[in-house]
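Just so it is clear: chains get the letters A, B, ... in the order the sequence lines come, proteins before strands, and each one is counted from 1.
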Amino acid sequence: METILSEDRKRTEAWPATRVKPAPAQPHRAEAMIRRHWPAIRRFARVLGADAATADDLAQDVFVVALRKGVEDLGDDAALAFLRTTTRNLLRNQRRRHRPVLMERMERVWETRERTADLREAALRSCMEQLAPRSQQAIRLAYGERRSRDSIAATLGIRQGGVKSLMRRARAVLKECVERSLASQGGPS
Amino acid sequence: MSRPSFESVEARAEDRHFDAVIEAVCRPHVPVSEILDRVADRVDEPAQAPSSRWLVAAAMLLGVGVAVGIAVYAPRGPDVDSASPQDPEIEWNTFGPPTPYDEVLIDEPAAIDQAVGAKAVRLRFPLYELTSVTALAQTRFLSVAVPREELEKCVQRGGWGKSGTRLQWLSSLPALEVLEIESMPMAPADLAALGSLEKLSRLRLTSLIPPEDPDGLRLRRVVVPMDAAFVAELSKHSAAGALELGGAPIQRGALAVLAASSVRALALDAPTRIDSDALQEIVGVRTLEQLRLSQLHSVAIRAPSIRIDGRELGVRALTPEFLRGLAELPALQGLHLEHCALDPTLVSAMPRQLVALDVATCSGLVGTGFDRVLAEMPRLRSLGLPLPIDSFGGLDANPPTATGDELSAPTVDEARAWILAGSWERLRVRGTLARALANALSAQAHLRELEISPLFGSVPLDFVEALPRLRVVALSNVSFEPDVVAPLARVPNLMEVQLRNCQPIHADPRDILSDGPPTVWLR
């Protein structure tokens, strides 16, 4: 039963200091770190409950902290661990309260999903092409342009409720298609 | 309080991960160099020095002081324009619904293969009767509840498993997060097996049977008492932060053991006996965040003690001193009293630091000044309330009232005052929804989750259209006409409708709500 508290303590200790460090001395390493870890950290923030806009801002904040600390000079695993801890702490700091156990459970989901994240993304690109044009457009408007349901309804010329149904169905089709694609490649669902 | 609410943390996390993948595919590509430029620009900005952090902290304290002042002196009530505390991850009720997964019910050991791959499994025979539990390797939720006839068959088969081995199979279930064991022979030595469940977050043990008493076993007359030794063994081996105990006497000294644990949510369900001294020990569990006391018959009895044939059946455990003691628990946020009889002294002693309070099935709130007490709980965001019972229209099979005037349901005016006593994000109401109450609910602009039970005899749910932030509506134990729930299809941001033990009349609710929220759950 000590686990919860001690984990929490560990997180507190891992809170990054606010020591100021000059701009990255190794810009190519910084770029490599961003290229390699930005998508995963953004997904991590989303899994922990951040909405799309917050995840974007948070990812940026995380890499600002990382570059100040010179994390780009660390090894790949250490850098990812730092980025992950910083994301968790920044997100926790934004919230009035948090539940370490819940976060741990969400992190486990992220860890599992990240193993196949690239495959999922590739599969999704292919699955998107198989969607009916109107569904595809609705998904792109909602997820790509963050348009409101009202706006999508106006663009597609359907009722707001129709957009909701359309999105729900399209999302379900995509999910099933991605899982099928992963299964056919022998990957975990 | 705990997310939720109604969906599992994992399911929501998986959904959000999928959303993030869709976003990555659909959004315009941003070159890494551009991201690096944006990040690098900010790297040169000075970070807060320690001294400035103190200034910020002081400013925040000042702000908090002003906010508290406003909260205390400003008239309370819904205010759409004010900032509302929003936390999408809040889990309103750790005990919540048992599982979001499709459950597989297994009646006999030979059928265990049907559970392969299932995330939620209910076994109706003792776990130790299985020869292999590989079928349960992916199971996250496991409930073992043995019916009486099965118990008798077990007696006839001549064994209850050896002490210390009855739960040994748990070590082969690494994914287990929730474990419920009911009416199973159990000795404290068996609890050691819980130590292998690293992911266990919730543990429920009810009506356990002492294996050394075959007659008691057969008749289910005798249960394992929750004494200090039992709870100590439990604390030693279980990693679960949420603990539910019930169907047994809870002896003095048992709950005191939990003071040394880090249990964060505790539920006592229908203990056959507990006295106020034993209950008072909860006040020592400093890590406690949530407390649920359910069907404490002794709590509902106002006499000091009840004796039949010289045997003490129960004493009045719930006291103002106990409730005042809860106010001293630094982490306590949620209090759920189920089927309890309250009175003015108990109501006025309620801890004021609560974020969630549920008294929806309690009686005795009438004339206690409950609305004033609610107004003194500045952090309260989740509330469970009894409503009036319309004895002509609302035919609740199990109304929250009992005999006696003090246990009567509230009037419409009283219930309305309670609803309007604050701005709620989650409301659970139980009773008949009169028009005046529906109007009061429609003023709750910050409401995100609404649970109503029962609805029969209530007004249509058209008021929910005025609730811009409403995301989840749960209806329990109701029969309804299509026009009662049809307004749910028109709520702009509604994500989920839950229908639990509901009996739709004339139409499938999924058809009625086909253009409505993305998720409609029937349970």
Novice: I need the minimum non-hydrogen distance between Glu23(B) and Ala52(A), along with the two atoms involved.
Specialist: OE2-CB, 3.6 Å
Novice: For the atom pair NE2 (His17(B)) and OG1 (Thr112(A)), what is the distance rounded to the nearest 0.5 Å?
Specialist: 9.5 Å
Novice: What residue, out of Asp61(A), Val163(A), Asp51(A), Val178(A), has the most heavy-atom pairs lying under 4.5 Å from chain B?
Specialist: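 Most heavy-atom pairs under 4.5 Å with chain B: Asp61(A).
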Novice: For Arg146(A), is it the side chain, the backbone, both or neither that has a heavy atom under 4.5 Å from a heavy atom of chain B?
Specialist: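 Contact with chain B is through the side chain of Arg146(A) alone.
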Novice: Answer with side chain, backbone, both or neither: which region of Asp56(A) has an atom nearer than 4.5 Å to a non-hydrogen atom of chain B?
Specialist: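 Interface part for Asp56(A): side chain.
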Novice: Is it true that, when you exclude Glu176(A) itself, more than 12 heavy atoms of the residues, nucleotides or ligands shown sit nearer than 6.0 Å to its CD?
Specialist: no
Novice: Please rank Phe44(A), Trp38(A), Trp110(A), Phe63(A) by heavy-atom pairs under 4.5 Å with chain B and give me the top one.
Specialist: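 Maximum pair count with chain B is reached by Trp38(A).
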Novice: Go through the atoms of Ile139(A) and report whether side chain, backbone, both or neither lie under 4.5 Å from a heavy atom of chain B.
Specialist: both
Novice: Main chain of Arg46(A), side chain of Arg16(B): is a donor-acceptor contact present, judged purely on distance under 3.5 Å?
Specialist: yes
Novice: Rounded to the nearest 0.5 Å, what separation is found between the CD atom of Glu10(B) and the CZ atom of Arg113(A)?
Specialist: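 Those atoms lie 11.0 Å apart.
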Novice: Using heavy-atom distances under 4.5 Å, tell me whether Met167(A) contacts chain B through its side chain, its backbone, both, or neither.
Specialist: neither
Novice: Out of curiosity, Arg105(A) CZ to Arg140(B) CZ, how far, rounded to the nearest 0.5 Å?
Specialist: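 It comes to 8.5 Å.
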Novice: Under 4.5 Å, counting heavy-atom pairs only, tell me which of Leu124(A), Asp150(A), Leu174(A) racks up the most with chain B.
Specialist: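 It is Leu124(A).
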Novice: Select, from Arg169(A), Met33(A), Glu121(A), the one with the greatest count of heavy-atom pairs under 4.5 Å involving chain B.
Specialist: Glu121(A)
Novice: Does any backbone or side-chain atom of Arg43(A) lie under 4.5 Å from a heavy atom of chain B? Answer side chain, backbone, both or neither.
Specialist: both
Novice: Closest heavy-atom contact between Arg171(A) and Asp15(B)?
Specialist: NH2-O, 3.1 Å
Novice: Side chain to side chain donor-acceptor pair (under 3.5 Å) with Arg134(A): which residues, sequence neighbours excluded?
Specialist: none
Novice: Counting neighbours of CZ on Arg27(B) that are heavy atoms of other residues, nucleotides or ligands and sit closer than 6.0 Å, is the number greater than 12?
Specialist: yes
Novice: Name all residues meeting the salt bridge (charged side-chain N to carboxylate O under 4.0 Å, His left out) criterion together with Glu129(A); count only those two or more places apart in sequence or in a different chain, and write none if there are none.
Specialist: Arg140(A)
Novice: Pick one of side chain, backbone, both or neither for Glu145(A), based on which atoms fall under 4.5 Å of a heavy atom in chain B.
Specialist: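 For Glu145(A), no heavy atom lies under 4.5 Å from chain B.
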Novice: For Ala24(B) and Arg125(A), work out which heavy atoms get closest and say how close.
Specialist: O-NH2, 4.2 Å
